[in-house]
Structures are given as structure tokens and as C-alpha cells.
Amino acid sequence: QVQLVESGGGLVQPGGSLRLSCAASGRTFGTYAVGWFRQAPGKEREFVAAINLSGDNTVYANSVKGRFTISRDNPRNTAYLQMDILTPEDTAVYYCAKAEYGMGPGAYDYWGQGTQVTVSS
């Protein structure tokens with residue numbers, strides 16, 4: 001049984017940066033893809049980024065491409081989302097998730113509890 005715990009959220013000013021972490025337990029971390037999603041108030045959850053098992057393939061939503069970077073450290077059982085040049089539109093609860101097959105937006109079968117990111121001056 002996989003468990004995912006996000007951390008690193010908080011309040012940041014526009015233009016600032018945050019790094020989110022997703023700590024995994026319960027299974028060998030390198031056996032599944034990891035994705036990040038977000039959900040803003042009143043909106044549906046949306047795909048942000050994903051990384052494959054070995055970490056050598058990544059995909060990003062157009063809205064974050066060039067500003068966010070997803071990575072993973074398999075020996076440390078942790079995935080990361082580096083977020084730069086943040087804007088108020090990035091305000092949301094951010095979730096990490098795992099996928100057994102593939103890494104597209106529809107492949108995920110388990111999500112963590114989320115961490116709040118608020119971008120405001």
C-alpha cells in the first residue's frame with residue numbers, strides 16, 4: 001500500500017519560488033510514475049506535471065512549462081516540484097499522485113492529501 005505525503009506549501013509573493021516535496025512509503029518508489037496535480041477553489045483538479053519511473057522523462061501542462069520543474073530522488077523515496085515565477089493563478093492545493101501504467105493525466109490511481117500554495121502580495 002503506497003502512501004504519499006506532500007509538504008512545502010505556503011504563502012509566497014508573485015514572482016517567488018517554492019519547492020514541494022512528495023514523500024512516499026509502502027512500496028519501492030522507483031516502480032511507479034509520479035504526477036503533480038492542483039485544484040483551485042471552485043475549479044476542477046488539473047494536471048501539472050509528471051515524471052516516469054527512472055526520472056528521465058517528464059511532461060508538463062502548458063500553463064507551467066518553463067516555470068515548474070518536476071524531479072525525483074528514488075533512493076530518498078521523494079519527488080519534487082520546483083515552482084518558479086509564481087503568479088496568483090498558481091494558487092491551489094497541490095497533490096502528488098502515483099501511476100502504475102503510463103504517466104498521462106488519466107493514469108493516476110492514488111493521491112496524497114495535498115499542500116496549500118498561495119501566491120499573493
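As the structure is a prediction and not an experimental result, all values here were calculated from the model.
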Practice task
List the steps, then state whether side chain to side chain contact (heavy atoms under 4.5 Å, CB included) holds for Val93 with Phe37.
Solution key: CA-CA 8 Å; Val93 177; Phe37 292 76; over 6 Å; no

Exercise for the section: Taking Arg72 for its side chain and Gly55 for its backbone only, find out whether a donor-acceptor pair lies under 3.5 Å. Expected result: no

Exercise for the section: If the plane angle is over 60° it's perpendicular, under 30° parallel, otherwise tilted; pick one for Trp111 and Tyr108. Expected result: tilted

Practice task
Say whether, by atom type as modelled, one donor and one acceptor occur between the side chain of Asn57 and the main chain of Asn52 under 3.5 angstrom.
Solution key: no

Exercise for the section: Return the minimal non-hydrogen interatomic distance between Gly102 and Ala33, and the atom names on each side. Expected result: O-CB, 3.7 Å

Practice task
To the nearest 0.5 angstrom, please state how far the CG atom of Leu4 sits from the OH atom of Tyr95.
Solution key: 13.5 Å

Exercise for the section: Check whether more than 12 heavy atoms from other residues, nucleotides or ligands sit under 6.0 Å from atom CZ of Arg27, and answer yes or no. Expected result: yes

Practice task
Go through the steps to decide whether Arg67 and Tyr60 satisfy the test side chain to side chain contact (heavy atoms under 4.5 Å, CB included), and finish with yes or no.
Solution key: CA-CA 10 Å; Arg67 300 188 299 122; Tyr60 296 92; over 6 Å; no

Practice task
Would you confirm whether Gln39, through its side chain, and Ala92, through its main-chain N or O, come within 3.5 Å as a donor-acceptor pair?
Solution key: no

Exercise for the section: Decide yes or no on side chain to side chain contact (heavy atoms under 4.5 Å, CB included) for Thr115 and Ser7, but give the supporting numbers first. Expected result: CA-CA 6 Å; Thr115 185; Ser7 62; 5.6 Å; no

Problem - Main-chain N/O of Arg38 paired to Glu46 side chain as donor or acceptor, under 3.5 Å - result: no

Practice task
Only pairs at least two apart or in different chains count here, so list each disulfide bond (SG atoms under 2.5 Å apart) that has a residue in residues 17-104.
Solution key: Cys22-Cys96

Practice task
Return yes if some donor-acceptor pair links the side-chain N/O of Asn74 with the main-chain N/O of Leu53 below 3.5 Å, else return no.
Solution key: yes

Practice task
Determine, stepwise, if the pair Gln116 / Thr91 fulfils side chain to side chain contact (heavy atoms under 4.5 Å, CB included).
Solution key: CA-CA 8 Å; Gln116 175 70 47; Thr91 295; 4.1 Å; yes

